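Accompanying notes for the structure given below.
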Amino acid sequence: MSYYVIEGGKPLKGRVRVAGAKNAATKQIVASLLTGEDVVLSNVPRIGDTDVTLNVCKSIGLNYKWQDTTTLKLSTPKILTPEVPLAFSGINRIPILLLGPLLHRYGKAIIPMLGGCDIGERPVDFHVQALEKLGAQIVYQEGRYYAVADKLHGTMIELPYPSVGATENILLSSVLAQGRTVIKNAAIEPEVIDLVMMLQKMGAIIFVDTDRTIEIEGVDELYGAAHTVINDRIEAASFAVAGVITGGDVIVEGAEQHHMLTFLNKLRQIGANFEVLDKGIRFYHPGGALKPIALETDVHPGFMTDWQQPLVMLMTQIEGLSVVHETVYEKRFGYTEDLKRMGAEIQLYKTCLGEKSCRFKSLDHAHSCVIKGSTPLHAADITIPDLRAGFSYLIAAAVAKGVSKVRGIQYVERGYSNILNKFQSLDANMRLVEE
Ligand code: EPU
């Protein structure tokens, strides 16, 4: 397996351009299945998860062509089969989102069990219950969900938690349903809103209220459309931290202030500098000491769970005690073990170390942590456990004294395009070793 070799200790300086958001583009590829007409998506990231999603959709009838490096032409004149092959089980979270398009266009769907990073249980009970309320009959048997529906019909669905995936699944299932669907306690992440915008261009009628209510008025048909995927706010925040933590100065082209308000507030509390430019944001270390902070992850507009890992990395380099309460996933600190081997001092806690108690309060999950900085990191041979931890490992290696080997790089390649080139363009001492 290939791995990266990184010699740390060099300030990262220069410009990088973030790609389109993985968590928007993949859902929009699925949305194209709702029409037989052509859909053109621009700013699509060239990453492993895009390829997996294209292959999942191709298996049921999608035709696609890359028109240039980031523009996709998609068309599904006919659904060829309602069954997503079992081979796609366990790879990513996309297959469950095919329920709606398949039920509308075929009356039937067979979906293999889901995958994704090992960061918690990640059940799909909200998805299944919502689809049942919309009129689908679903049974689970031997690793597959079997769903049938003559016609989905509008209904009221109150989500127990503002799940991104469940909200998207309901959107994809209700736009062509008969009548009106109301989602209460919906997720309103920018990636969800970007899906709403694409669906509206395709002919859907969707109202988004200020109180997490989304109302969908079903239409009879959707049409072809062209849409540009929003930029990746996770990649943007990750490069921001890479610049600050190495004492460098990085312009992240495509970083969008309105999608990163909470992240920028936290950076300011820490004392790191940023400057909003016309086409991006410049991030840099001000010199002198940064300040420790307390941080709680949450659903949008809170601090994203996917920004947590780079921030924890930054906290290891700040003098004093920083505290993080992870409230979205119950198992998202697994990666801290390797950081500890590199010299970080991080203690995990099962209690809620935050302003509020979260869903994991009385469960047995280590979902809070205290980071004692500043600790010099030393190089190590580390293996990436999941996608977002992966970027933090690259940052850790870029900060650590000596030469680190970072393995498990297929995880980062699933979610970040041209990651090696981007680090190299910031003058990182990083190379790929192919084995
Ligand atoms: N949940 C349930 N039941 C469900 C659905 C969710 O209990 O039926 C729980 C989950 O277990 C979790 C919480 O609700 O504790 C939030 O899950 P959500 O459904 O919002 O997450 P997701 O749709 O599976 C997406 C992103 C994640 C991102 C989260 C939160 C994709 C493909 N994934 O996951 O991104 O962290 O929203 O914003 O869009 C990543 O990109 O690396 C990643 C993990």
Side-chain angles (χ1 to χ4, degrees), residues 19-31 45 47-50 52-53 56 91-99 111 113-133 138 140 145 157-172 183 185-195 212 229-230 232-238 259 262-263 297-310 326-332 334-335 358-360 363 365 367 384-392 411-416:
K22 159 179 102 65
N23 291 345
T26 46
K27 324 301 172 58
Q28 293 168 11
I29 293 170
V30 175
I47 53 175
D49 252 20
T50 300
V52 171
T53 305
V56 167
I91 303 180
N92 75 4
R93 312 276 303 159
I94 295 303
I96 196 80
L97 299 179
L98 267 63
L99 273 175
I111 308 285
M113 234 172 65
L114 295 187
C117 291
D118 182 18
I119 51 181
E121 266 312 302
R122 307 194 78 183
V124 285
D125 49 337
F126 305 163
H127 300 240
V128 172
Q129 284 156 16
L131 262 289
E132 284 173 342
K133 275 206 95 177
I138 306 180
Y140 180 72
Y145 291 92
I157 299 164
E158 175 145 18
L159 288 173
Y161 184 80
S163 153
V164 168
T167 303
E168 291 166 338
N169 211 339
I170 301 168
L171 283 167
L172 292 166
I183 318 174
N185 205 24
I188 48 161
E189 268 62 8
E191 294 76 16
V192 175
I193 303 302
D194 203 41
L195 177 62
R212 294 197 174 279
V229 180
I230 52 167
D232 197 317
R233 63 195 172 117
I234 305 174
E235 185 186 1
S238 305
H259 291 157
T262 316
F263 175 81
T297 64
D298 209 342
V299 293
H300 191 74
F303 192 93
M304 276 191 103
T305 168
D306 304 277
W307 289 332
Q308 179 252 97
Q309 306 77 357
E326 168 63 56
T327 76
V328 180
Y329 289 111
E330 67 273 26
K331 234 174 86 183
R332 225 174 183 183
Y335 70 96
C358 74
R359 293 172 297 147
F360 312 133
L363 305 175
H365 304 303
H367 70 289
I384 293 171
D386 70 68
L387 166 61
R388 300 305 170 194
F391 201 107
S392 292
Y411 283 110
V412 272
E413 288 174 352
R414 238 190 70 196
Y416 302 93

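Numbers here simply count residues along the sequence, with the first being 1. Model, not experiment: these values are computed from the prediction. Both counts, for ligands and for their atoms, begin at 1 and track the order of listing.
- Judged by distance alone, with hydrogens and angles left aside, the side-chain atoms of T305 form no donor-acceptor pair with the main-chain N or O of T297 at under 3.5 Å.
- By heavy-atom distance, the residue among T327, D306, T167 lying nearest atom 43 (C) of ligand 1 is D306.
- For R359, the closest heavy-atom approach to ligand 1 falls below 4.0 Å.
- Within the structure, ligand 1 lacks G415 among the residues with a heavy atom less than 4.0 angstrom away.
- A distance-only check finds a donor-acceptor pair linking the side chain of K27 to the backbone of N23 [under 3.5 Å].
- Between the side chain of D194 and the main chain of A24, no donor-acceptor pair closer than 3.5 Å is present.
- Of the candidates Y161, F126, Y411, Y161 brings a heavy atom nearest to atom 16 (C) of ligand 1.
- Nearest residue to atom 40 (C) of ligand 1 from Q129, R388, R414 is R388 (criterion: closest heavy atom).
- Closest heavy-atom approach to atom 12 (C) of ligand 1 among the candidates N169, V328, V128: V328.
- Paired with Q308 under the rule side-chain hydrogen bond (donor to acceptor under 3.5 Å, both in side chains), one option of R388, R332, E326 passes, and it is E326.
- Assignment of R332 to the shell around ligand 1 is supported, since a heavy atom sits closer than 4.0 Å.
- For the pair R359 and Y161, the cation-pi criterion (under 6.0 Å, within 45° of the ring axis) is fulfilled.
- Formation of a donor-acceptor pair under 3.5 Å by the Q309 side chain with backbone atoms of F391 is not found in this model.
- Judged purely by atom type and a 3.5 angstrom limit, D232 has no side-chain atom pairing as donor or acceptor with the backbone of A19.
- Every atom of ligand 1 with a heavy atom of G165 under 4.0 Å away is listed here by number and element: 19 (O), 23 (O).
- Taking every heavy atom of K22 and a limit of under 4.0 angstrom, the matching atoms of ligand 1 come to 40 (C), 41 (O).
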